[in-house]
Amino acid sequence: MADRRRLIVVSNRGPVTYTRVEDGRVARRGGGGLVTALRSLVEHHDVTWIASAMSDEDRVVAAESGERAVEERSRDGSPFRLRLVAHEETAYDWFYNVVANPMLWFLQHYLWQLAYTPSVDIALRNAWAEGYARVNEGFAEAVVEELEEQPEAAVFFHDYHLYLAPRMVRERAPDALLAHFVHIPWPQTDYWHVLPDSIRRAIHEGVLANDVIGFHTHQWRLNFMRAASDVAGAEANFVDGVVDHGDRRSLVTVHPISVDPGEFDELAASEPVLAAERELVERRPEQLVLRVDRTDPSKNIVRGFRAFELYLEAHPERHRRVGMLAHLDPSRQDIPEYAEYLGAIQREARRVNDRFQQDGWLPIELVIQDNFTGSVAAYKQFDVLFVNAIFDGMNLVAKEAPIVNERDGVLILSENAGAHAELGEWALTVNPFDVAGQAQAIHEALTMANEERRRRLEAIRAHVREHDVTGWIEEQLADLDRSPARVGS
Ligand code: F6P
């Protein structure tokens, strides 16, 4: 690990969230890949983490501390400072439930049906100004206050919730070292024209206020550099990977996020996972096709069930012997598009099950709950791991599950998932819209020779072990040192 540094990490979801229990308060680990990935940062550096107060108890903690940082400890006992920002509740609702998800999330995953949606009306403009911009101001204010106390700290913004904050900070702290990692795809420049000029420009100018801007794949990086020229009039130098805008230069980099393989080795051997695995082994079909996702439209779950239906239609000889297990974590249910998608998932699974179920065999087993232990148990047991995302920044399931799998399972992987850029050569590639192709891939995976299955799985494992999350973090810290702000341009 590199030298200890002072870092200010800024993300909407924090590393812990508080809940009130009868005899006090407990801190629970915040969910999501980003938070897990950043954990080792806390273990090796002096980190102040700024995040939104999300639960009622988070708000109490924020109020008690006068919205200053409190001392916290990570899972391994490493200390860090946590500063929770209690945004005004209506502003936060507009920020999270109207602008960030769905507007930006849908745009960046190409999910809008442009003949019908979205409509940029007064409500959206209001949510943008009074919600998204205001919450970003709250974050910027907190960052500036922290920088006053520790001016040498580098600031790490994360994701699509915080596109405006870097510029707001830059205006008040011109010499601060700012980096931003975007964890989701950056769409092609024309697609940004779904948003009015003022909004798309503010997004690009906001991000361009950073010294370093990181993406998971070359594709998203290229799209960003092109869009920065088109939308914000920036000058992109594709050879050096820098973008000039006004009097500033930003370094634009590619670092695919990864996982901590050691953590999954430990989890796989832990008693809760072993118990869940025993229970799964009791009821599992002869061959198991697994998917693990949030119930997000970008994950393409409904088409995945159709593909499985087509497979079953073409292979009656495999009925009662093959089953699909879908471990789905309910996500963003205050947003109508997400609530409707969950309904569509349930309807589709029911339709396929009604059509094929027989003698106690249920073709699709739907587990709709946040059940990480159960998911890791299923990771060990799959014969096929099915990832058919419409678009996905990375997809960490594709990296996590092969690490612990014990059945030489085959990865079926969408060509539009960021993970495909790294793992595609060892996976069966599918186009997310081609349900016939996905059905064919399921058949191919289930009938692949053992040796070939093992060869592919071992190659995926070796890649993930070599390119783990510690490497991801080190690369970004190294970027800070070679950023134009540090070396001059
Ligand atoms: O980058 C996408 C991401 O922020 C992931 O880190 C996380 O798994 C997911 O979205 C969860 O989103 P939310 O915070 O809305 O639950």
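Keep in mind that what you see is a predicted model, and the values were worked out from it rather than measured. Atoms within a ligand are numbered from 1 in the order they appear, just like the ligands themselves. Sequence positions, counted from 1, serve as the residue numbers for this chain.
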Taken in chain and number order and not counting sequence neighbours, the residues that satisfy side chain to side chain donor-acceptor pair (under 3.5 Å) with W192 are none
Sorted by chain and residue number, the side chain to side chain donor-acceptor pair (under 3.5 Å) partners of Y92 (sequence neighbours excluded) come out as N12
Check: F156 ring centre within less than 6.0 Å of F181 ring centre = no
For the rings on W105 and H109, is their centre-to-centre separation under 6.0 Å?
-> yes
Taking distance alone, with no angle check, do S331 and ligand 1 share an N/O pair under 3.5 Å?
-> no
Could an N or O of ligand 1 be found under 3.5 Å from any N or O of N101, whether backbone or side chain?
-> no
Contact atoms of ligand 1, heavy-atom distance to Y96 under 4.0 Å | 13 (P), 15 (O), 16 (O)
Considering the heavy atoms of R13, write down every atom of ligand 1 situated less than 4.0 Å from one of them.
-> 13 (P), 14 (O), 16 (O)
Checking heavy atoms under 4.0 Å, the part of D159 that sits near ligand 1 is side chain
Evaluate the criterion salt bridge (charged side-chain N to carboxylate O under 4.0 Å, His left out) for residue pair R347 and E340; output intermediate values, then yes/no.
-> CA-CA 11 Å; R347 272 196 302 279; E340 281 156 20; over 6 Å; no
